[in-house]
Amino acid sequence: MKNFVDELKWRGMIHDVTPSTSEFLQKNKTSGYIGFDPTADSLHIGNLVQIMTLVHFQKSGHKPVILIGGATGMIGDPSGKSKERKFLDEKIIIDNQNKIQVQFEKFLNFKGDNSASILNNKTWFENFNLLSFLRSVGKHISVNYMMAKDSVKNRLETGISFTEFSYQLIQGYDFYWLWKNKNVKIQFGGSDQWGNILTGNELIRRIDGGESFALTTPLITKSDGGKFGKTEDGNVWLDEKKTSPYKFYQFWINVSDEDAKKFIKIFTLKEKEEIETLTKSHEKEPHLRILQNALAEEITERVHDKQKLEIAKSTSQILFGKSKKDDFDNLKEDVMNSLSTAVPCVKIKKEEINSDFKNLLTEITNFEIFSSKSELIRLIKNNGLSINKEKILNDDYQLSKNLKFDKYLLLQKGKKNYTFIIVE
RNA sequence: GGGGGGAUACCAAAGCGGCCAACUGGGGCAGACUGUAAAUCUGUUGACUUAUGUCUUCGCAGGUUCGAAUCCUGCUCCCCCCA
């Protein structure tokens with residue numbers, strides 16, 4: 001059995017860990033949990049570090065527990081937030097939870113010896129009335145202790161509601177409940193959760209004199225200082241309806257060399273030796289971007305599947321590879337469909353396809369593709385316009401004769417600027 | 001309150017009666033190179049079915065002139081100096 005803490009350590013996934021955690025986990029098969037907010041109907045790659053923590057935990061023989069914050073999600077964690085959070089509608093929370101659950105099944109084994117499980121803290125908070133809470137939980141933690149937490153301290157100037165203030169107690173009680181009822185001995189989380197987790201450890205110690213542990217992962221940063229997991233389009237989601245497999249794949253392919261070295265350890269399950277070999281060959285031939293490819297392939301396949309990965313790869317080949325007209329002509333329909341998720345689409349009506357080439361690309365498409373005919377002409381003169389991977393050299397191109405699958409045209413301005421025209 | 005300077009395209013900044021759709025730099029777009037990178041070099045950068053052509057544009061509104069970004073009048077806004 002692998003040493004969980006050592007495993008995370010070489011992968012650079014530990015920010016803080018309570019003393020003797022490693023020893024405890026080596027000697028005991030136990031359970032550990034992470035709380036997830038059901039604030040969205042999908043996980044995003046910002047959650048991935050946490051998920052991978054649980055994956056390693058399970059691989060080390062322990063039982064991962066996913067705690068859906070059905071109750072806490074209704075309150076809002078002040079950590080890292082500068083403003084009071086909006087409450088979420090209860091129905092939405094339940095709906096979100098169901099969708100998130102499916103996503104976890106791609107990472108964790110929910111069957112067998114050390115199966116993963118999903119719990120919702122609503123089950124124990126629902127019928128927990130205020131007075132009992134104050135008597136059995138509130139009694140053990142002083143306000144002074146709570147005020148000392150950064151998450152609270154940072155909000156004293158701007159104001160914090162009692163509801164958010166009490167968040168750490170609620171989360172602390174989660175830990176206590178799981179410790180008491182589910183043999184959960186450790187809680188994981190991002191580094192911003194350290195304070196909240198320790199409140200749980202403290203509660204367990206004060207109420208029952210029990211032993212428990214905490215481990216947090218570092219905030220994932222990018223070498224250029226930008227926020228990890230964000231693109232121009234916003235979050236990168238695991239749900240293919242929110243982020244297409246192609247875009248998901250592209251996110252990882254575009255990671256910088258420096259970040260790739262870091263990310264491959266965190267987001268893939270490759271062994272140390274393999275990663276070292278890959279990193280070495282990457283450094284020898286950086287233009288091949290071996291790490292980015294390995295990273296993108298493994299994660300995309302896990303989150304989506306082999307087939308969708310292949311489509312994402314073919315799509316990328318068309319858009320960014322050295323593909324020529326022939327490659328484009330031989331494309332299968334599923335890659336074509338994927339293209340429509342990859343690039344902006346403009347729809348035109350069937351009868352419009354026979355319109356004049358220049359009118360079609362300007363007026364008829366509401367100047368979405370080209371804002372003027374001059375711009376279009378200029379681009380053609382600069383040798384920058386391609387349709388279906390074929391350079392357009394003059395302006396009497398017959399769009400209608402070049403439709404793919406009777407409805408698609410791939411228009412390309414320069415190298416990377418694509419528009420997909422769909423005839424309907 | 002008194003005196004002076006300014007407003008030009010995405011930004012900065014020249015132009016001060018015709019050769020101005022407007023120098024130049026940045027940015028944008030495209031081409032070459034490349035790793036879907038960085039740097040570099042080149043072209044392009046108001047609109048019009050592509051024109052040694054037409055139209056619109058140099059704070060706003062008028063005027064002078066064959067002709068105005070450029071001169072005059074008024075207005076709006078900005079900056080500086082003195083009080």
Side-chain angles (χ1 to χ4, degrees), chain A residues 222-226 228 230-233 236 243-264 278-297 299-300 309-324 327-328 331 335 338-339 341-344 352-387 389-400 410-420:
Chain A
K222 290 201 301 178
S223 53
D224 66 5
F228 169 75
K230 295 269 184 194
T231 63
E232 295 147 8
D233 311 331
V236 179
T243 299
S244 70
Y246 161 78
K247 286 204 169 142
F248 188 86
Y249 175 81
Q250 279 290 317
F251 173 83
W252 298 103
I253 282 289
N254 281 313
V255 159
S256 73
D257 291 1
E258 205 174 316
D259 290 338
K261 287 177 204 164
K262 190 162 75 182
F263 292 172
I264 195 133
L278 285 173
T279 307
K280 263 185 208 143
S281 20
H282 179 96
E283 279 166 352
K284 211 180 283 169
E285 298 180 287
H287 59 282
L288 296 177
R289 290 188 298 160
I290 292 165
L291 286 176
Q292 283 91 336
N293 277 296
L295 189 61
E297 285 190 15
I299 306 173
T300 308
L309 166 67
E310 290 309 323
I311 294 172
K313 280 168 75 174
S314 318
T315 310
S316 303
Q317 263 310 306
I318 289 298
L319 296 183
F320 299 107
K322 302 238 182 302
S323 57
K324 297 266 162 28
D327 304 296
F328 188 78
L331 280 191
V335 179
S338 164
L339 274 171
T341 73
V343 304
E352 288 168 341
I353 190 68
N354 288 313
S355 318
D356 174 73
F357 171 73
K358 277 176 281 180
N359 274 330
L360 188 76
L361 297 183
T362 51
E363 269 172 72
I364 294 175
T365 45
N366 288 321
F367 299 99
E368 281 173 47
I369 307 177
F370 291 98
S371 59
S372 72
K373 282 178 192 160
S374 304
E375 194 190 320
L376 168 62
I377 292 161
R378 211 178 288 138
L379 192 74
I380 295 174
K381 268 188 185 158
N382 282 332
N383 201 23
L385 179 71
S386 303
I387 291 176
K389 282 284 158 188
E390 183 183 19
K391 282 272 187 236
I392 304 303
L393 300 171
N394 46 43
D395 53 20
D396 55 2
Y397 189 79
Q398 294 284 309
L399 288 171
S400 56
L410 183 68
L411 185 129
Q412 180 178 7
K413 295 189 204 174
K415 251 174 226 153
K416 293 193 281 183
N417 198 339
Y418 289 93
T419 308
F420 210 49

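Under the salt bridge (Lys or Arg N to Asp or Glu O under 4.0 Å) criterion, A/Lys262 pairs with no residue, sequence neighbours left out.
Annotation: B/U49 and B/G35 have their P atoms spaced 41 Å apart (nearest Å). Taking the P atom of each, B/A21 and B/U52 are spaced 15 Å apart, rounded to whole Å. Nucleotides B/A69 and B/C55, compared at atom P, are 14 Å apart to the nearest Å. Taking the C1' atoms as reference points, B/A22 lies 14 Å from B/U45, given to the whole Å. A distance of about 15 Å separates the P atoms of B/A68 and B/G62, rounded to the whole Å. With P as the reference atom, B/A30 and B/C77 are 42 Å apart, rounded to whole Å. Comparing the same atom, P, in B/U24 and in B/C16 gives a spacing of 16 Å after rounding to whole Å. Taking the C1' atoms as reference points, B/C71 lies 16 Å from B/C58, given to the whole Å.
One interatomic measurement links the two molecules: CD of A/Gln412 to P of B/U36, which rounds to 13 Å at whole-angstrom precision. A/Lys373 has its NZ atom 19 Å from the P atom of B/U45, to the nearest Å. When rounded to the nearest whole Å, the span between CH2 of A/Trp252 and C1' of B/U36 equals 17 Å. In this entry the distance linking CZ of A/Phe367 with P of B/A47 reads 11 Å, nearest Å. When the C1' atom of B/U36 is taken as reference, atom CG of A/Asn293 falls 11 Å away, rounded to whole Å. Following rounding to the nearest Å, A/Asp356 (CG) and B/C48 (C1') show an atom-to-atom distance of 14 Å. In this structure, the CD atom of A/Glu283 is 21 Å from the P atom of B/A37, given to the nearest Å. Taking atom CZ of residue A/Phe370 and atom P of nucleotide B/U45, one finds them 16 Å apart after rounding to whole Å.
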Give the C-alpha distance, both sets of side-chain angles, the deciding distance and a yes or no for side-chain contact (heavy atoms from CB on, under 4.5 Å) between A/Thr365 and A/Thr419. CA-CA 11 Å; A/Thr365 45; A/Thr419 308; over 6 Å; no

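Ring geometry for A/Phe320 against A/Tyr418 counts as perpendicular: the plane angle is over 60°, on a 0 to 90° scale with 30° as the lower cut.
The residue among A/Gln250 and A/Ser374 whose nearest nucleotide of RNA chain B is located toward the 5' end is A/Gln250. Between A/Arg289 and A/Lys358, it is A/Arg289 whose nearest contact on RNA chain B lies nearer the 5' terminus.
Atoms CZ and CG, on A/Phe357 and A/Leu399 in that order, are 6.0 Å from each other to the nearest 0.5 Å. Rounded to the nearest 0.5 Å, atoms OH (A/Tyr246) and OG (A/Ser316) are 5.0 Å apart. The NE2 atom of A/His282 sits 5.0 Å away from atom CG of A/Leu291, with the distance rounded to the nearest 0.5 Å.
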Under 3.5 Å, which donor-acceptor pairs link side chains of residues 375-387 of chain A to any protein atom two or more places apart or in another chain?
residue: A/Glu375; atom: OE1; partner: A/Ser371; partner atom: N; Å: 3.2
residue: A/Glu375; atom: OE1; partner: A/Ser371; partner atom: OG; Å: 2.6
residue: A/Asn382; atom: ND2; partner: A/Arg378; partner atom: O; Å: 3.4

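Counting only Watson-Crick or G-U wobble pairs whose defining distances are both under 3.5 Å, the stems of 3 or more consecutive pairs in RNA chain B are B:1-7 with B:76-82, B:10-12 with B:24-26, B:27-32 with B:40-45, B:46-48 with B:53-55, B:59-63 with B:71-75.
Although no hydrogens or angles enter the test, the distance criterion places no donor-acceptor pair under 3.5 Å between the side chain of A/Asn366 and the main chain of A/Glu368. Remark: side-chain polar atoms of A/Ser281 are paired, donor with acceptor, to backbone N or O of A/Leu278 under 3.5 angstrom.
Considering only side-chain N and O atoms, A/Ser256 lies nowhere under 4.0 angstrom from the phosphate OP1 or OP2 of B/A37.
In this structure the side chain of A/Leu360 reaches within 4.5 angstrom of the side chain of A/Glu352, judged on heavy atoms.
Base contact: A/Asp257 has a heavy atom under 4.0 Å from a base atom.
Nearest approach of A/Leu295 to A/Ala260, heavy atoms of both residues: CD2-CA, 4.5 Å.
For RNA chain B, the neighbouring residues in residues 309-321 of chain A, judged by any heavy atom under 4.0 Å, are A/Ser316, A/Phe320.
A cation-pi arrangement, defined by a distance under 6.0 Å to the six-membered ring centre and an angle within 45 degrees of its axis, is present between A/Lys413 and A/Phe370.
The stretch residues 284-295 of chain A participates, sequence neighbours left out, in these side-chain hydrogen bond (donor to acceptor under 3.5 Å, both in side chains) pairs: A/Asp257-A/Gln292.
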Could you write out each protein N or O paired with an N or O of nucleotides 26-30 of chain B at a distance under 3.5 Å?
residue: B/A30; atom: OP1; partner: A/Lys413; partner atom: O; Å: 3.2
residue: B/A30; atom: O2'; partner: A/Asn382; partner atom: O; Å: 2.9

